[in-house]
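What follows is a set of notes on a single structure, which appears directly below.
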Amino acid sequence: MSTVTHTPGDQAGPDQAPPPDRTPGRGAAVGGSRAGARIFNGFSHLFLAVWAVMVVYPLLWVVMSALKTDSEVIRKPLSLFPEQLQWGNFARAWTEGHIGDFFLNTVLVLTGSVFLTMLLGSMAAYVLARYEFPGNRLIYYMFLSGLTLPIYLAAVPLFKGVYNLGVTLPFLGPNKHLMLILVYVAWSLAFTVFFMHSFFRTLPTAIAEAAMVDGASHSRLFFSVMLPMAKPGLISIGIFNVLGQWNQWYLPTLLMQSVAGEPKNQVISQGLIELSVNQGYRSDWSGLFAGVTMAMLPVLIVYIVFQRQVQSGLTAGVSK
């Protein structure tokens, strides 16, 4: 019977731990990479903190300035905390500054324009993404071309077309909410189709085929099956449309002119410009900040509430 001896260079048995790695310089390299990672993390956290201060401080400054008196705004422009909260500034901006009228007009226009944009844009994107027919790509690229055309280049023909249409159909002329709604829809449709087209292409085909086998029509397939599955994308593009149309200034200024100094049908972006001019002449700086705060908070709240849905909608197409 012979005995077998293992030399130090032989392979270790199953119950024995492998010898430690004694490669020269490996420990130093690992330690260096960890130190580099810690430095990078510290730098990134510092950068994010500075960026957060740069973003949050101006917003907080505007809100707190709306609660100051005019003398405090002038004497202590950079201070955040007023001596006494002046809630009457908001009431004055709402009534005397006509922010209430501007706000109502904006909500009315956005309700119609966002609804039509989402409906027409999702329908067009679904057909272009899921059905093959002659001219499919041509129509899709025509929608995309709308993203490359600055709205300023279409100012003259747009105003002339609206004016001429108003002569024939008075309810579609200048200073009409319905006309601004249709213009907003045309302005937002290109990006909506582009975004939803990519999203509809990621939806599973098997579910659509199963619904068609069960006897669903094309319209029922879209509204009952595919559209609910595209809910994350709809929420994301809906938020983008709300923010873009709420902050739109050029189109309302072009098509919604004030009449005899009254707000009439003007929207919030025009109202802020008018408020800045009027309150500036009156030296009512606190009322101006109050108006800016009331115009800023709704869209900020909407984004904060739907932040997770927006992020999930933006990443859904990539993850699928």
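Values in this document were obtained by computation on a predicted structure and should not be read as measured data. Numbering of residues begins at 1 and proceeds along the displayed sequence.
- Residues meeting the ring pair (Phe, Tyr, Trp, His ring centres under 6.0 Å) test with Trp187, sequence neighbours left out: none.
- Considering only residues two or more places apart in sequence or on other chains, Lys76 meets the salt bridge (Lys or Arg N to Asp or Glu O under 4.0 Å) condition with Glu83.
- When the side chain to side chain donor-acceptor pair (under 3.5 Å) test is applied to Ser217, the partners found at least two apart in sequence or on another chain are Ser219.
- Within the structure, every pair that satisfies the side-chain hydrogen bond (donor to acceptor under 3.5 Å, both in side chains) test and touches residues 110-121, not counting sequence neighbours, is listed here: Ser113-Gln245.
- Val183 is linked by a side chain to side chain contact (heavy atoms under 4.5 Å, CB included) to Leu158, Met179, Leu251, Leu255, counting only residues two or more places apart in sequence or in another chain.
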Which side-chain N or O atoms in residues 45-61 pair as donor and acceptor under 3.5 Å with protein atoms at least two apart or in another chain?
{"residue": "His45", "atom": "ND1", "partner": "Asn41", "partner atom": "O", "Å": "2.6"}
{"residue": "Tyr57", "atom": "OH", "partner": "Leu78", "partner atom": "O", "Å": "2.9"}
{"residue": "Trp61", "atom": "NE1", "partner": "Pro77", "partner atom": "O", "Å": "2.4"}

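- For Thr148, there are no side chain to side chain donor-acceptor pair (under 3.5 Å) partners at least two apart in sequence or on another chain.
- Listed by chain and residue number, nothing satisfies the side chain to side chain donor-acceptor pair (under 3.5 Å) test with Thr95 (two or more places apart in sequence, or in another chain).
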Could you walk me through whether Phe102 and Trp246 satisfy the ring pair (Phe, Tyr, Trp, His ring centres under 6.0 Å) test, starting with their C-alpha distance in whole Å, then the side-chain angles of each, then the deciding distance to 0.1 Å, before giving a yes or no? CA-CA 11 Å; Phe102 300 137; Trp246 181 278; over 10 Å; no

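- Taken from CE in Met226 to CZ in Phe199, the straight-line distance is 10.0 Å, to the nearest 0.5 Å.
- For Thr293, the side chain to side chain contact (heavy atoms under 4.5 Å, CB included) partners at least two apart in sequence or on another chain are Val62, Val63, Ala66, Phe90, Leu297.
- In this structure, CG in Leu182 is found 9.0 Å from CG in Leu180, a value given to the nearest 0.5 Å.
- Residues meeting the side chain to side chain donor-acceptor pair (under 3.5 Å) test with Trp249, sequence neighbours left out: Thr253.
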For residues 123-132, run the donor-acceptor check on the side chains, cut-off 3.5 Å, and write out each pair with its distance to 0.1 Å, sequence neighbours left out.
{"residue": "Arg130", "atom": "NH1", "partner": "Phe200", "partner atom": "O", "Å": "2.9"}
{"residue": "Arg130", "atom": "NH1", "partner": "Leu203", "partner atom": "O", "Å": "2.9"}
{"residue": "Tyr131", "atom": "OH", "partner": "His218", "partner atom": "ND1", "Å": "2.7"}

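- Legend: residues meeting ring pair (Phe, Tyr, Trp, His ring centres under 6.0 Å) with Tyr250, ordered by chain and number and at least two apart, are Tyr152.
- Closest approach of Ile181 to Gly112, counting heavy atoms only: CG2-C, 3.8 Å.
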